[in-house]
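Okay, structure first, notes after.
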Amino acid sequence: MTQETLLLGQVLTFQADPFTAPIAEAAHVERTGGVLLRDGRIVATGPADSLRATAPMAPVHDYGDALILPGFVDAHAHYPQTGIIASWGKRLIDWLNGYTFPAEMAFGDAAHANDIAGRYLDLVLDHGTTSICSYCTIHPSSVEAYFTAAATRGMAVAGGLTAMDRNAPDGLRDTAQTAYDNSAALIAAWHGKGRATYAITPRFTPTSTPEQLEALGALWQANPECLMQTHLSEQEDEVAWVQTLEPWARDYLDTYERYGLLGPGALFGHAIWLTARERARLAETGSALVHCPTSNTFIGSGLFDMAARRADGIAVGLATDTGGGSSFSMLRTMAAAYEIGQLRGTALHPGQLLWLATTGSAQVMRMADRIGTLAPGSDADLTVLNLASTPAIAQRAARADAFWEAVFPTIMMGDDRAVEAVWVGGKPLRGAAA
Ligand code: GUN
Ligand code: ZN
């Protein structure tokens, strides 16, 4: 039996990339609009009246003037770092050694991994995020826990075993061979199962030997439909360390390029300190970057230049980088991207920020035909935002006389209180309708 549902509210859709098309052409807002869902997919968006006429029998969820948009897509996170988010006082390498690696050590215990995976996904759903690309740990149990918890909630997620075979403590290192074998087994078990996508995940060059990068490059070549995610040029100290570890390399990117780890479906987190050669190669190969603004300020990494990277012709997604990032919220993440843009001399438009947090992230994950969009035929993953969720936001939004001016206070000041409802695969997981 077909199951139809009609959601009513203000509806935001994107027709084009707002970094290459004017915002008025790229985005469309239906002020008295709706989204018609059928059997877990989006059938249509449009004016409320015409959708009511199309589906007169469909149950209606009327969200008034709340904003209906695609569920947020977080293109880079570390779910095992949920418990150490907001840990004080260290920069990248000391932060990894002091907080991150001790926390990740515990994920060999399946019960612990299950507990944190479920907690993490519930937290992101509270914040309106419906898809994530997450790192796990070196333990296959951490990957099993993540994909199982996502399947229980019906979420489309990507992720993979985080390979590390050097510069990590005892108990948190694998080898080139075990990383290959375990990742291959997890691909066979999970990639394409339900809504799961596997991401081959060498953590970064400082913790992966050339042998391990080579093995995972071969694995990606054998499984090109998988994603590949890693870190690149996050802090200047890290870039200098890579130079001493791999003196043969022309630059940091070269340590990945040599082993076939560039191309469509490759996601490089951070990428703040790039050379001209690296920028050109990223663009030529169709590799993507993921901007993690709350992390970049929290760990003191630097100011990513979004406008310049897009002008270079490089695709960029947006992400929390939990728990180097200081928030589970893509609203807070958009606010931080705006602030970094200002420090770089570009005021990102609210429509560009919302596009990055939905379609932009879905594109770099090669999933934009299914998520991060309200296009007919895509999966019914939606977030509904109350644009007056606190007195402070409400009094500002009340003064707005244009749509974007009414949305921007929620981007800058909103949190999980702004998330009125969340739908995943056509089912209400959060909000009054749940
Ligand atoms: N570089 C290598 N691993 C990590 C990590 O877990 N978080 C961040 N922010 N950077 C990294
Ligand atoms: Zn990261």
Side-chain angles (χ1 to χ4, degrees), residues 74-87 89-107 116 120 132-139 142 146 158-169 172-174 179 199-209 212-213 216 227-242 245 252-253 255-256 261 266-273 288-302 304 316-328 333 336 340 361 364-365:
D74 183 344
H76 180 127
H78 298 256
Y79 95 80
Q81 298 171 15
T82 297
I84 57 133
I85 192 167
S87 289
K90 296 189 191 299
R91 291 170 64 87
L92 178 60
I93 304 303
D94 291 339
W95 176 85
L96 285 171
N97 287 316
Y99 296 122
T100 308
F101 293 161
E104 293 192 7
M105 207 91 83
F107 283 72
I116 304 294
Y120 169 76
I132 306 120
C133 190
S134 183
Y135 290 62
C136 298
T137 68
I138 63 156
H139 314 95
S142 73
Y146 174 65
L161 178 144
T162 299
M164 299 198 273
D165 67 344
R166 66 173 167 184
N167 295 313
L172 205 62
R173 287 190 307 274
D174 49 15
I200 294 166
T201 308
R203 180 173 218 120
F204 66 159
T205 296
T207 54
S208 285
T209 60
Q212 185 168 73
L213 295 174
L216 294 181
L227 299 171
M228 192 295 301
Q229 60 179 346
T230 190
H231 296 87
L232 175 68
S233 299
E234 180 176 358
Q235 293 207 341
E236 288 174 292
D237 292 359
E238 171 206 6
V239 176
W241 191 18
V242 168
L245 286 169
Y252 194 162
L253 189 71
T255 64
Y256 299 128
L261 294 168
L267 301 169
F268 293 98
H270 307 289
I272 298 166
W273 304 99
L289 306 182
V290 186
H291 178 34
C292 308
T294 71
S295 171
N296 296 162
T297 52
F298 182 76
I299 313 186
S301 302
F304 182 82
V316 184
L318 188 66
T320 59
D321 190 31
T322 300
S326 54
S327 173
F328 296 97
T333 302
I340 290 179
S361 285
V364 300
M365 290 164 65

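Counting convention: from 1, in listed order, for ligands and their atoms alike. All values reported here derive from a predicted model rather than from experimental measurement.
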message: With a cut-off of 2.8 Å, does Glu234 put an N/O/S atom close enough to the Zn ion (ligand 2)?
response: no
task: Could you confirm whether His78 has any N/O/S atom lying under 2.8 Å from the Zn ion (ligand 2)?
output: yes
- request: Can you sort out the partners of Phe304 under ring pair (Phe, Tyr, Trp, His ring centres under 6.0 Å), two or more places apart, ordered by chain and number?
  value: His291
query: Can you check whether Ala86's main-chain N or O pairs, donor with acceptor, with Tyr99's side chain at less than 3.5 Å?
result: no
Identified side chain to side chain donor-acceptor pair (under 3.5 Å) counterpart of Thr320 within the set Asp74, Thr333, Thr294: Asp74
message: Nearest 10°: the angle subtended at the Zn ion (ligand 2) by Asp321 OD1 and His76 NE2?
response: 90°
- prompt: Below 2.8 Å, any N, O or S contact between His231 and the Zn ion (ligand 2)?
  reply: yes
- request: Might you list the protein residues in contact with ligand 1, defined as having a heavy atom under 4.0 Å from one of its atoms, sorted by chain and number?
  value: His78, Gln81, Leu92, Trp95, Leu96, Arg203, Phe204, His231, Glu234, His270, Ser295, Ile299, Asp321
Any residue meeting side-chain contact (heavy atoms from CB on, under 4.5 Å) with Thr207, in chain and number order, not counting sequence neighbours: Phe101, Met164, Asn167, Arg203, Phe204
query: Looking at residues at least two apart in the chain, or sitting in another chain, which of them share a side-chain contact (heavy atoms from CB on, under 4.5 Å) with Thr297?
result: Ile340
message: Does any part of the side chain of Leu267, heavy atoms only, come nearer than 4.5 Å to the side chain of His76, both counted from C-beta?
response: no
- request: Could you please spell out the steps behind the side chain to side chain donor-acceptor pair (under 3.5 Å) verdict for Tyr252 and Glu238?
  value: CA-CA 9 Å; Tyr252 194 162; Glu238 171 206 6; 2.6 Å; yes
query: Among Thr255, Leu232, Leu253, which one satisfies side chain to side chain contact (heavy atoms under 4.5 Å, CB included) with Val242?
result: Thr255
